[in-house]
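For reference, the structure discussed in these notes is given below.
In the text below, chain A, chain B and the rest are named by the order of the sequence lines, each starting its count at 1. Here the structure is a predicted model, which is why all the values come from computation and not from measurement.
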Amino acid sequence: MEKPFEYDKSRQPANSAFKQQKLPGHYLRLTATAVLSIFFTTGLFCLCVGIILILSAKSTKKIEVNYTKLCADCHELRDDASKFRKACTCSIPFNLPEKMKGNVYMYYKLYGFYQNLYRYVLSRSNAQLMSKNIMDVHGCDPFKMSEDKIPFIPCGAIANSMFNDTIILSYNLHSSEHIQVPMLKYGLTWWTDKYVKFQNPVSSNLADQFEGSAKPPSWSVPIYELDRDDPGNNGFLNEDFIVWMRTAAFPTFKKLYRRLSREHYFKEGLPAGNYSFNISYITRFQGEKSVVLSTLTWSGGDSLFLGLVYTVTGALTWLSAFAIMAVYLMLKNRKENLSL
Amino acid sequence: MEREAGSSEDSSGSPGKPRRRRRRRRRRRRRRRWDGRTRAVRTVRSNLLPPGAPGAPDAAGRAEGLPGQRPRRPPRPRRACAQHLADNRLNTTKYTLLSFLPKNLFEQFHRLANVYFVFIALLNFVPAVNAFQPGLALAPVLFILAVTAIKDLWEDYSRHRSDHEINHLGCLVFSREEKKYVNRFWKEIHVGDFVRLRCNEIIPADILLLSSSDPDGLCHIETANLDGETNLKRRQVVRGFSELVSEFNPLTFTSVIECEKPNNDLTRFRGCIIHENGKKAGLHKENLLLRGCTIRNTEAVAGIVVYAGHETKALLNNSGPRYKRSQLERQMNCDVLWCVLLLVCMSLFSAVGHGLWVRRYQEKKALFEVPESDGSSPAPVTAAVYSFLTMIIVLQVLIPISLYVSIEIVKVCQVYFINQDIDLYDEETDSQLQCRALNITEDLGQIQYIFSDKTGTLTENKMVFRRCIVSGVEYSHDANAQRLARYQEADSEEEETVPRASTLSQRGSIGSHQSVRIMHRTQSTKSHRRTNSRAEAKRASMLSRHTAFSSPMEKDITPDPKLLEKVSECDRRLSIARHQERPLAHLSPELSDVFDFFIALTICNTVVVTSPDQPRQKVRVRFELKSPVKTIEGFLRRFTPSRLASGCSSGSLATKFSQKSGSSFLSNLSHDSIFDRLGQPAPALASNGYSSQASGTDGAEGPEGADGWSPERAQAPDRAAAAADPELRYEAESPDEAALVYAARAYSCRLADRLHDQVSVELPHLGRLTFELLHTLGFDSIRKRMSVVIRHPLTDEINVYTKGADSMLMDLLRPCSPDDARGRHQKKIRSKTQNYLNQYAGEGLRTLCIAKRVLSKEEYACWLQSHLEAESAVDNREELLFQSAIRLETNLHLLGATGIEDRLQDGVPETIAKFRQAGLQIWVLTGDKQETAINIAYACKLLDHGEEVITLNADSQEACAALLDQCLQYVQSRGPYSAPENTESNVSVGFSPLYPASTSSASGPSPSLVIDGRSLAYALEKNLEDRFLFLAKQCRSVLCCRSTPLQKSMVVKLVRSKLKAMTLAIGDGANDVSMIQVADVGVGISGQEGMQAVMASDFAVPRFRYLEKLLIVHGHWCYSRLANMVLYFFYKNTMFVCLLFWFQFYCGFSASSMIDQWYLIFFNLLFSSLPQLVTGVLDKDVPADVLLREPQLYRSGQNMEEYQPRAFWLNMVDAAFQSLVCFFIPYLAYYDSDVDMFTWGTPITAIALFTFVLHLGIETKTWTWLNWIACGFSILLFFSVALVYNASCATCYPPSNPYWSMQTLLGDPVFYLTCFLAPITALLPRLFFRALQGSLFPTQLQLGRQSAKKSPKKLNTPQEIFAQGHLPGDPRTEHSQGRTLNPSRSLSNNCASCSPEARGEPSAVDTSVPLRENTLVEGLGTQAPGPSLLGEATSQDCPGDSKRKSTSAGRAAPLASLFNLPNFSSLNWASSLSLVSGLGSVLQFSRSSLQMDKQDDEFLASPPPSDQDLHGLQGQVSDYF
């Protein structure tokens, strides 16, 4: 042969691992060792995490006061349209048997309030809330404009249905002396909400800026009067408003209302004793409402659930691991019996 | 030559075309036949004619007379005809720049799924029901459409590129302006142009051959590009042009050509050429050069273009890839419908729920209620309807939009990998597997029935001359047989040492999209040197493959000494007697027969002689004679007017040598003169040829090879120059012909030269004999014979030599009178010959009879007259020629017969055995004789000597019915029971149940069925087909002999439709085309018998044995991958959609989704698609070597184990469960918290993604780095996209406003806690189930997988064997357990753990156990018959023995290897308890004593160690989960 074979001219496929599907790989081996060790370690881990979570959840304190019934009078008052605007306050005393240590958060909780309805969720105008264009009511159907074509500020169904009860917690220092528990209106929202997503128009006087707009039909005060005392908490920047605008995931939800300002008596948290909620009942609502006082765990929640699930999962994993082992031993015995 | 019956009738059919089109064409053809005169005609005239040239009005007139005719206007013909006749521009692109978008979209919307998705997306634009931002909803659909469009565009572009390349090939076209041939591009050629082609050029269009540099007006073309046939075909200059003295001048061409409209029939071309003077001459396919072929052996040719561009036959034959729908896809579509139903149910449920919810809150005027824009509350019913539509949009993911695209991608990748498999690459032909159908790869894994052709598929189609009968005497050629056996051994030995060879010929494929690949091949100038090295020879055969069928095996034939003696005696005597008046009379009748026999072998064919030194030059030794012959020539011309065609009145005539003469005087005269001039060189030539042989193999050395003639060799240097080549090469149309010519050469009767009018034969003593070839009546499949009419140079008689199938020829012999002694002798010879022929057929040889007829001049003249008429006829030419041939081929004198072996392809028996184990039923459908077919079937182990063969030969419908009933009765009566005794008899009629009912559950091998064509025709009748099928179903294998192509396809169709089975048809010839098209999967063998089968096929393999890996490995993988992927897809979508659905319970069924729209839309498309694609493409559930070792694993695909309705629903249930877990864990974790909707939705998305990936992880069997990367990439992609997306815009993306959600979540411990817990909890049941299933009821696949991973560890020390007994959990113990080799354990576990199916049908597990062994075993073991009792017997012995064994495990290990010989595995399976080592060794002994032939050894396909390993491993099933 005068010249070497021209290998490159051949149509022979390249003998590479990839092309020949011989890539190094390992087969998923469900060996007894592997399976059992996976099961046991996972179970162990879950049990540990579960116990830790349960313990930490146990350490949290939580008290919930459902004031739907307790403020039934106000509730009924709201049913009567003529007395709609009339103020109504009810006071609900309660006893805190143990003191709540650390940061205490006050939530309001609504039962059966569907903030996650498809059309409800859509009904807002982010551009307006950011003050890019406060007259932009695009997407706020059906609460865009009042009947005389004045745009609502804030527009939309979410804003319109804002929770506007006022809850004041007072501490019965003595049988007669009631101290209003100092509560913070700040730090209730995400930082980005307060400083990016919600912006007031740049102006010294909010009311001027919101000139030519209407307040939402259900609101008793216009947007610029949400917090008359504190301009940093007024208008779109009102933290209660911001919290409300973050639509809850479930029909039963709680929203952060206030957090304890740890000063004077309350440096350590809420001391045990008698307290009362003074609620000015404004929102007419079919579902139930409550106020929740709670401390948080390191994990951010206050529920036992995660810990329980972890424990249960861990236990189940161990159970199945034992089942597998039993089967394995059974087979092995049978095998030995056969071979003997 | 003896192709299977009907091979050529079918070749007219168009392979690969939709049937409807074929039918239409057939109808058209029929119509054409009816009104012969008004048929559509194309008229072609020269483009060079000036306007108003003569002939133009003429043509116009004719055009009026012939409707449908397209007259070619002479003035500026190129412009004028551009509208009518295609130019040669190749344009296979589908789209133009402008038409791409609309046309592509239009095509894509043919797919229903696309329409559905677009509908959903458009629904989103309706404000009342929209669920997403309208633009966003359109995105995935657009993405899918765009991907497909880009794929189409790219395909189209590559087509365009290759078109461009082809269009710009150059060729010489005659230019009117320049009056000479100028170089033009192919695309510039028009109909009517004159084209000049040189040797080795590719023909640019269909060209009518008008001139050739060959003096005989011949031209050779190679049609390999067109039909794959590698031999040279002869083409002839149009009659009337060959005799032109000067070179053909296009300017003088004024004739008009009328021919058929363009059609795709490669084998037919009809038309006529009308000269200016009104004379007409017929045109036929011999005159047409087809586009894509290559000019060979001819210096230059010229012709006029008749069809160009897309009207050429080559392009009309070119059909694109086929689209079939695979079974899996059908099943999948059914499940998609279930999903649709599910979707509708969910939406309906939601709608009702929403209606109720709205009604509940209607009166209360809830604060959160969003009233209509007019302030009114929505009516519950309207709200429900809207909700329904919105839900459909939200839950649309349930119908997996990306599923279709993913499947396409996966299939393309699978095809790529199959193509790339080096094991499917055939070195010898430098070809690999071709996947022509892109979308049925997974069908390969589900085949249940294989229908195979025999010749060329199971066999090599390489013919080797084996034995012959001459004049009633048989010559067995024992030495030859031994030599062949040696070759075979050498072949297998040499296999490994042969370096990886590649082709020597350069190829560059232009335009690979065309089925006609245009190859340019440079001539190989390598000499064909022969050395003793087989490797060399192999390479050489590769070299020569392109020009001839000859491998050394076929060429080197060791002559039978007796016969050789006789031949040389003839030769000697004739050389002495040649000057006398009747030389042949000096021979005894037998010797005369011998002589004629070899002459017939040598010349009765169409073999073309070439020499390797000048590969493309014909060996042209023209003998020139002076004046005396000239007159004779003239006389002869007159006498044989047929030769007018080749050269009347031409000057070149004089140069032609011929020994033909009209009288004995002249004959003598010419003989003298020839002898004077050529007497010397001729023997020299002969010896030359001879010595070349001698150098090749010493076996071929004749007795008087070198010694007698070597001195003279030196005397003839001049003559030798022409023929000094070491070896002539024979290019034959069929391998049989070449085999016969090589056989004759071995007897020194050497074909030296063939021109179209003469054949030269060289004999050692006689020298060169030149036979004037008067006619060649080619082979056709109806006559099954071919003949040549020659003038014998010695006797000057006109002889007809006929060669053909014995069944035909025996009837055509001259009746011999019983009175006459000679007649009686003849009769005896015939009966002897017939006996031998039967014997040959029994040995699986292909038989041919050789006969001769001597024609008197008058007879010849009479026949010639009619024949010439037939030849010149325009209509019905074929039919008339056929009649004419029949008239000639009568009253034949039998000379002898030959037996040619069609060797089995390598690895066929092994492959068939593997298929058997894999549970594939193999049917062989062949056109061959029953005996031959049965024999081949035995040879390739399709039939076993140990099993019954039911032969169905019926003469009538009733007989067939009766036979079928009898067979059925018999089969049913033996039914489940075994027939332990070896019944080798062919049971034809009258069965009685051999064995009464017994309790034995193990059945012996089921019988095989052999049926011949006629009975098959009856059996396929409507009323019998059910019975036939039922019978065939019971049979292990079915052999249909003498079946026509139509029957083949009918059988396939029947099995496909009635048994609802997956069928695969494999074949190599045109006669298999219909069968290939009908079957679910059609496989073509890209062999030597043309490309028609390949064109029609879905897959083309170079060899039968490649089918094994294609099916058992790739088919299994493809199926399992795709099945798992589809299931996974359904799971994934259901699970995802369920998450959304559960949420509806908490949002008043308002079609709200907690998952951000963007995640929702792109989740399937981007985040979770890559891992499953990688798994779908690369996952190997069982490695290739295990699949090949354990073919029974293939059954999982056949039974559709991986993708059953049950699997689908289980998957759905699992998906529902997982979604519940993945929904409620986050729900409860975040319950009673201040989480907002979309911040809560994001962890759910993440959890879903983790769950999907982990789920895939459990389902993935092989983890490669690609899987890791894909999974990692997916998760990374999700988080990075989420982070970027959540940081990108504070006000965009309503309603979710996800600004900074992800970032916040990443700081939330609950997020991590739920993301960890939910997937684990969700997957716990699946993992638990998998673990238990692996140990309690492992599937075969799992066993195979377990065996695979142990393979690398198979070398173990026996010390570790008893390390078991430790508690699990200790990894070290596990390993040692894994390595235990205790055979008793392994066997017992075998039975304990294998699936009941495998236990129930031992014969299916290993069907290769010869029954004799069983009976012997019975004798050894117990008195009780039946293998099941054997198990009992062994079980009695079991305890003691195994105890003993456990003390000597080291010794037991080798015994295991004895045990696990594949042939014994059926015993293993059958016995429910462990077998005893002692008995095992006895069995082993008995088995080895029973080894029948060496083929049995080959059965041990896998080496024992690995087997031992596997069985050892199967024992450890319980160690695995």
Side-chain angles (χ1 to χ4, degrees), chain A residues 5 7 9-13 15 19-21 23 25-33 35-36 113-114 116-123 126-127 130 141-142 157 161 190 192 196-197 246-251 254-256 285-286 299-301 303 305-306 310 313 320 324 327-328 331 338-339, chain B residues 364 366-368 370-371 373 417 420 422 425 430 432 502-503 506 1146-1148 1150-1152 1154 1225 1228-1229 1232-1237 1240 1261-1264 1290-1291 1295 1297 1299-1300 1304 1308-1310 1313 1317 1321 1328 1330-1332 1334-1335 1345 1349 1368-1369 1371 1374 1384-1385 1388 1442 1518-1521:
Chain A
F5 288 116
Y7 281 98
K9 287 291 175 191
S10 162
R11 269 181 272 170
Q12 181 167 29
N15 193 2
K19 288 188 174 179
Q20 299 308 316
Q21 306 191 55
L23 281 179
H26 67 267
Y27 279 80
L28 188 75
R29 305 170 183 194
L30 293 173
T31 61
T33 342
V35 168
L36 287 179
F113 192 103
Y114 286 83
N116 53 13
L117 293 178
Y118 178 62
R119 294 179 58 208
Y120 180 88
V121 168
L122 278 176
S123 185
N126 286 319
M130 245 182 108
D141 285 325
S161 59
W190 294 13
T192 49
V196 181
K197 280 170 81 172
R246 192 164 273 280
T247 55
F250 316 116
K254 63 182 188 185
K255 281 185 183 289
L256 191 55
F285 169 56
Q286 290 73 31
S299 61
S303 78
F305 173 76
L306 261 184
Y310 263 96
T313 304
S320 41
I324 290 169
V327 167
Y328 170 72
L331 284 178
L338 282 174
S339 61
Chain B
K364 296 182 183 171
L367 257 181
F368 47 80
V370 185
S373 37
F417 278 121
Q420 288 299 322
I422 205 162
Y425 165 78
D430 186 37
Q432 73 231 39
S502 68
T503 175
Q506 272 185 332
Y1146 298 96
C1147 68
S1150 67
S1152 190
M1154 68 291 192
I1225 284 186
L1228 290 170
D1232 195 20
S1233 73
D1234 57 347
V1235 72
D1236 75 288
M1237 190 162 135
W1240 178 69
K1261 275 76 177 193
T1262 325
W1263 279 87
T1264 63
T1291 55
N1297 312 310
Y1299 190 71
W1300 225 248
T1304 313
D1308 179 12
V1310 181
L1313 286 171
L1317 182 72
T1321 318
F1328 181 70
R1330 283 259 178 259
L1332 275 192
S1335 80
R1345 205 175 308 142
K1349 59 184 117 162
E1374 286 304 319
S1384 77
R1385 250 165 164 281
S1388 66
S1442 55
S1518 56
D1519 294 349
Y1520 289 98
F1521 292 100

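- For Tyr118(A), the parts sitting under 4.5 Å from any heavy atom of chain B are the backbone and the side chain alike.
- Heavy-atom distances place both the backbone and the side chain of Asp1232(B) under 4.5 Å from chain A.
- The two residues Gln21(A) and Phe417(B) have their closest heavy-atom pair at NE2-CB, 3.2 Å.
- Side-chain atoms of Val35(A) and Phe1328(B), non-hydrogen and from C-beta on, never get closer than 4.5 Å to each other.
- Proximity to chain B (any heavy atom under 4.5 Å) is restricted, for Gln20(A), to the side chain, taken from C-beta onward.
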Give the C-alpha distance, both sets of side-chain angles, the deciding distance and a yes or no for side-chain contact (heavy atoms from CB on, under 4.5 Å) between Asn116(A) and Met1154(B).
-> CA-CA 8 Å; Asn116(A) 53 13; Met1154(B) 68 291 192; over 6 Å; no
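- For Ser123(A), no part sits under 4.5 Å from any heavy atom of chain B, backbone or side chain.
- Tyr1299(B) and Trp190(A) make their closest contact through O-CZ3, 4.1 Å (heavy atoms, listed as atom of the first residue, atom of the second, distance).
- When each of Leu1313(B), Asp1234(B), Thr1321(B) is scored by its heavy-atom pairs under 4.5 Å with chain A, the top score falls to Leu1313(B).
- Put simply, of Ala249(A), Pro251(A), Ala248(A), Ala127(A), the one with the most heavy-atom pairs under 4.5 Å next to chain B is Ala249(A).
- Side-chain N or O atoms of Lys197(A) include one that pairs as donor or acceptor with a backbone N or O of Asn1297(B) at under 3.5 Å.
- The CG atom of Leu1332(B) sits 5.5 Å away from the CD1 atom of Ile324(A) when rounded to the nearest 0.5 Å.
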Between Tyr120(A) and Phe368(B), is a ring-ring contact (aromatic ring centres under 6.0 Å, His included) present by the stated rule, with each step listed?
-> CA-CA 7 Å; Tyr120(A) 180 88; Phe368(B) 47 80; 7.3 Å; no
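- For Lys254(A), the side chain to side chain donor-acceptor pair (under 3.5 Å) partners at least two apart in sequence or on another chain are Asp302(A).
- Considering only heavy-atom pairs separated by less than 4.5 Å from chain A, the leading option among Val1235(B), Ile1225(B), Thr1291(B) is Thr1291(B).
- The distance from atom CG of Asp1236(B) to atom OG1 of Thr247(A), rounded to the nearest 0.5 Å, is 6.0 Å.
- For chain A, the nearby parts of Ala1229(B) are the backbone and the side chain; heavy atoms of each come within less than 4.5 Å.
- Side-chain contact between Trp1240(B) and Phe250(A) is present, with at least one heavy-atom pair separated by less than 4.5 Å.
- Atom OG in Ser1233(B) sits 11.5 Å away from atom CG in Leu256(A) (nearest 0.5 Å).
- The nearest pair of heavy atoms linking Pro142(A) to Val370(B) is CD-CG1, 3.2 Å.
- Of all non-hydrogen atoms in Ser1150(B) and Leu117(A), the two that sit nearest each other are OG-CA, 3.5 Å.
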